[in-house]
Amino acid sequence: MINTHYKDRLFSFIFGSPERKDWTLSLYNAVNGSSYTNPMDIEIMTIDDVLYMGMKNDMAFLLTDIANMYEQQSTYNPNMPVRKLMYAARLYDRYIHMNKLNIYSTKQVRLPVPKLITFYNGKEDREDDILELKDAFRTADGQPIEAEPDIQVRVRMININYGKNKELMSTCRPLLEYAWFIAEIRKNNKNTGIEAAVDSALYNMPEDFGLKKLLIAHKAEVKQMCITEYNEAETMEQFREEGREEGREEGRETAAVNMLKDHLALDKVVLYSGLSRARVLELQKNLINN
């Protein structure tokens, strides 16, 4: 069963903590080619107590006039633009209330510029890409809709698998070490269970890695985060395989039923299966009655 109550993903734990703003700043500088030096200029804006579709936004922070929304994904997800749209709406709502802005005024309010980044470290070999919300606007048979959308969202996807984007990694040492750690877990997991794979990766991590001290100090929590992410990714791949084998609609319903049997949160079932909420509720009712 997937644990749906974990606190953080490992990426967020490393780069999104108020105690490690120096690493957040290092990541920001590497992504943007900037050279900011004061971590205290960062204001963490991640909304910890609100879930969207059963999943938190990994990290959000303000720096000067930029609102940064970062996400780490171990599975390629072309729906990141619409998810980022939902996260951004919540972040701006929070920003407006915190700064007591009057959006009903005749005077234009000043807002920070959104920068939306997805850090991809899945097993598929994918190049850096720009994901756009406009690509989701299609007819039922998959043809693009000609009408010009009034909402535009762009998400920059960056591949952070170990060995990729070497210039970026060399600029942000914690990111390089994180990429090494994930790659080491995957290598170990080919011959052992995920828990032992994490233990071995921690043991084999070079002593000069600044990340090692943090991960060892929070070993139990780190292991739980890694195991949860691994189990979730494996389960989603299993559901996708079922969908391919059984046909699109029937496969999605089978996947949804299996997720419900595993007691996955309803919103996650809707998100992962692609079914309507009403249909998932109907499948859930059938399970209960049977």
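Just so we're clear, the structure is a prediction, and the values are computed from it rather than from any experiment.
Heavy atoms only, all atoms of each residue included: T118 and Q73 are closest at CG2-CG, 3.8 Å. Listed here is the closest heavy atom pair of K84 and V155: CG-CG2, 3.6 Å. Pairing each heavy atom of N189 with each of G193, the nearest pair is ND2-C, 3.5 Å. Contact record, Y120 with T75: CE1-C, 4.0 Å, taken as the closest heavy-atom pair. Considering all non-hydrogen atoms of both residues, L287 and V257 come closest at CD1-O, 4.0 Å. Of all non-hydrogen atoms in N29 and S34, the two that sit nearest each other are OD1-OG, 2.7 Å.
In this structure, the ring of F11 has its center no less than 6.0 angstrom from the ring center of Y70.
Looking at D128 and K164, no side-chain N of the basic residue comes within less than 4.0 Å of a carboxylate O on the acidic one, giving no salt bridge. Using a cutoff of 4.0 Å between basic side-chain nitrogens and carboxylate oxygens, R83 and E71 are scored as salt-bridged. At a threshold of 4.0 Å, the pair K285-E282 does not count as salt-bridged, since none of the basic side-chain nitrogens sits closer than that to a carboxylate oxygen.
When only modelled atom types and interatomic distance are considered, E19 and S17 share a side-chain donor-acceptor pair under 3.5 Å. For the residue pair N161 / R186, a side-chain donor-acceptor distance below 3.5 Å is found, with atom types taken as modelled. Side chains of N159 and E127: no donor on one and acceptor on the other come within 3.5 Å. A donor-acceptor contact closer than 3.5 angstrom is absent between the side chains of S74 and N121. Between the side chains of N204 and S200, at least one donor-acceptor pair of N or O atoms lies under 3.5 Å.
Between atom CG of residue L168 and atom CG of residue L175 there is a gap of 5.5 Å, rounded to the nearest 0.5 Å. With values rounded to the nearest 0.5 angstrom, L10 atom CG is found 5.0 Å from C226 atom SG. The OH atom of Y76 sits 6.0 Å away from the CG atom of D129 when rounded to the nearest 0.5 Å. A distance of 9.0 Å separates NZ in K115 from CG in N68, rounded to the nearest 0.5 Å.
Between the S12 side chain and the M59 main chain, no donor and acceptor come within less than 3.5 Å of each other.
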Problem set entry | Trace of the side chain to side chain contact (heavy atoms under 4.5 Å, CB included) decision for L133 with F137 | CA-CA 8 Å; L133 183 64; F137 303 137; 3.7 Å; yes

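Under the side chain to side chain donor-acceptor pair (under 3.5 Å) criterion, E195 pairs with K223, sequence neighbours left out. Among residues two or more places apart in sequence or in another chain, the side chain to side chain donor-acceptor pair (under 3.5 Å) test is passed with D150 by none.
Ring geometry for F15 versus W23: interplanar angle of 30 to 60°, hence tilted.
Cation-pi geometry between R20 and F13 is satisfied (NZ or CZ under 6.0 Å from the ring centre, within 45° of the ring normal).
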Per-pair distances, 0.1 Å, donor-acceptor, side chain in residues 207-219, under 3.5 Å, sequence neighbours excluded:
| residue | atom | partner | partner atom | Å |
| --- | --- | --- | --- | --- |
| E207 | OE2 | K212 | NZ | 2.7 |
| K212 | NZ | M205 | O | 2.8 |

